[in-house]
Student: 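First the structure, then my questions, so here it is.
Throughout, a chain's letter reflects where its sequence line sits, starting with A, and its residues are numbered from 1.
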Protein chains: 2
Amino acid sequence: MPLATIEHMSRPPAARDAVLDAFERLLVEGGDRAATLDAAARGAGVSKGGLLYHFPTREALIDGVLARFSALVDADLEVMASAPEGPVAYFVRSSVASDTAFERAGVAAARLAQAGHPSAVRMIRSVRQRWLGAVRAHVADPTVALAITLIGDGLYYDSALHGDDAETGLDAPPEHEMDDLVALLERLADGSPRA
Amino acid sequence: MPLATIEHMSRPPAARDAVLDAFERLLVEGGDRAATLDAAARGAGVSKGGLLYHFPTREALIDGVLARFSALVDADLEVMASAPEGPVAYFVRSSVASDTAFERAGVAAARLAQAGHPSAVRMIRSVRQRWLGAVRAHVADPTVALAITLIGDGLYYDSALHGDDAETGLDAPPEHEMDDLVALLERLADGSPRA
DNA sequence: GATACTATACCGGCTGGACGGTAAAGTAAT
DNA sequence: ATTACTTTACCGTCCAGCCGGTATAGTATC
């Protein structure tokens, strides 16, 4: 169970990560309902018994996804704090989901939260709070910080809307609208502290 | 052993709406996975056969929910256009989910979209577009209109996050922060175009 | 360095229940 | 008698989780 002491592990559990990846992908593409143990095992090229060796229950699998997401958020917050284009621009632009491991984990967590899994709801809430705090640290006006965070939420969920059909383009606004949006928010952020 | 007929429901179309209501509630509280035909029938006080008479497949039930949502959006857009507090304030404030039939239908549709149902994804997209259009009609700067719509999206999804646990308070910002937010957005909306 | 034992990693079959959907029959009003 | 609606009973499938077994690798003892 403990993840530490890798050096003492005889064989690296390749299956574990493969299962986690497959389960995450299923969540992103088809939501909680599509993410079954059988499908995850199949997607990972592992037998169901093998899957259940690493994750004895479905809840354990969910916890695994959430744990991985939390770790990725930690890393992202550090990147954001020292982003060359500034934290606000970085935050807003990175809120539209590309296909990084980070984004996939986030969308998977959101799916689980929407399905009502309490631990996922708690996780999303705390992550949102951490993001809000990070934005607040760089924006004087707390109302502006709130607005920026909410815009990030909106972009995030909108871009996470599409299931598996790659047919329609992303729900994200086009490039130049994003540029204008970022410009507006940066003007608000380090601009007029009052009327 | 069989369920005794405690009372007579004599309203012919009553079952249909009852089923729709129950299915919607299940979607909101537990997502796509929890919204099963059996649970919906039970929640509506109808046998499963009775449910399947009105909605021959699960897809038909989903379409029923989406159709009802679309009708409610039409009504809401008219209310918004002539809201006494102004469209922007109305839009932003009504984006945090209370427990109206309108909000429940919207959250249900969002759950279905997150689960990857194509018709639900299309519906959410078109509704979002209609809202954006309505905001644009009352806000000169299109970037500000986009920002306002995105903030609405953020508020909407955040407040729709909680499953069925009434324990934690809503994810919506407290009253006074909402006031400040609305004030900021209205200032942006009809205020300085500030190139 | 061979033997005996233990831990890790995985397989595949199984079960009981829940799922979406079907079929036939019953009831009430027209 | 037909129509509108509702019931009970049932089917095939899929689901989460369990269990017995296998194979490999490390460890300890002699």
Student: Nearest to the side chain of A:Ser47, heavy atoms from C-beta on, is which of D:dT6, D:dT7, C:dC10?
Tutor: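 Looking only at side-chain atoms, A:Ser47 lies closest to C:dC10.
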Student: Can a salt bridge be assigned to the pair A:Asp32 and B:Arg111 using a cut-off of 4.0 Å between side-chain N and carboxylate O?
Tutor: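 Not counted as a salt bridge, because no side-chain N and carboxylate O are separated by less than 4.0 Å.
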Student: Nearest to the side chain of B:Arg33, heavy atoms from C-beta on, is which of C:dG20, C:dC10, D:dA16?
Tutor: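 Among the listed nucleotides, the one closest to the side chain of B:Arg33 is D:dA16.
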Student: Starting from the 5' end of DNA chain D, give me the residue, A:Ala39 or A:Gly49, whose nearest nucleotide shows up first.
Tutor: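 Nearer the 5' end of the strand: A:Ala39.
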Student: Look at A:Asp63 together with A:Arg58 and state whether they make a salt bridge at an N to O cut-off of under 4.0 Å.
Tutor: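 Not counted as a salt bridge, because no side-chain N and carboxylate O are separated by less than 4.0 Å.
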Student: Given atom CG of A:Leu26 and atom C1' of D:dA16, what is their separation to the nearest angstrom?
Tutor: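 Rounded to the whole Å, the gap is 15 Å.
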Student: Below 4.0 angstrom, N of the basic side chain to O of the carboxylate: do B:Asp179 and B:Arg93 qualify?
Tutor: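 So B:Asp179 pairs with B:Arg93 through a salt bridge.
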Student: Looking for any heavy atom pair under 4.0 Å, which part of the strands does A:Leu37 touch: base, sugar-phosphate only, or nothing?
Tutor: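 Since only primed, P, OP1 and OP2 atoms lie under 4.0 Å of A:Leu37, the category is sugar-phosphate.
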Student: Counting side-chain heavy atoms from CB outward, which of D:dT6, C:dT22, C:dC10 is closest to B:Leu52?
Tutor: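 Closest nucleotide to the B:Leu52 side chain: C:dT22.
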Student: What is the distance, rounded to the nearest whole Å, between atom CG of A:Leu51 and atom P of D:dG17?
Tutor: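 Answer to the nearest Å: 11 Å.
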Student: Quick one: is C:dA9 close enough that its OP1 or OP2 comes under 4.0 Å of any side-chain N or O from A:His54?
Tutor: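 A:His54 to C:dA9 OP1/OP2: no side-chain N or O under 4.0 Å.
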Student: Nearest whole angstrom, please: distance from the C1' of D:dA9 to the CG of B:Asp38.
Tutor: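 Rounded to the whole Å, the gap is 13 Å.
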Student: Report the C-alpha distance between A:Leu150 and B:Leu181 in whole Å, list the side-chain angles of each, state the deciding distance to 0.1 Å, and finish with yes or no for side chain to side chain contact (heavy atoms under 4.5 Å, CB included).
Tutor: CA-CA 11 Å; A:Leu150 285 171; B:Leu181 184 63; 3.7 Å; yes
Student: Mind running a 4.0 Å heavy-atom check of residues 55-64 of chain B against DNA chain C and sending the residues that fall below it, in number order?
Tutor: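 B:Thr57, B:Arg58 - these, ordered by number, are the residues of the stretch whose heavy atoms sit under 4.0 Å from the strand.
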Student: If each of A:Tyr53 and A:Gly45 is mapped to the nucleotide of DNA chain C with the nearest heavy atom, which maps nearer the 5' terminus, i.e. the 5' end?
Tutor: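 Per heavy-atom nearest nucleotide, the more 5' residue is A:Tyr53.
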Student: How sharply is the helix from C:dG1-D:dC30 to C:dT30-D:dA1 bent, taking the axes over five pairs at either end and rounding to 10 degrees?
Tutor: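 Helix axis angle between the two ends: 10°.
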Student: Under 3.5 Å, which N/O atoms of the protein pair with N/O atoms of nucleotides 14-16 of chain C?
Tutor:
none

Student: A:Tyr156 and B:Asp153: side-chain donor and acceptor closer than 3.5 Å?
Tutor: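 Result is no, nothing qualifies.
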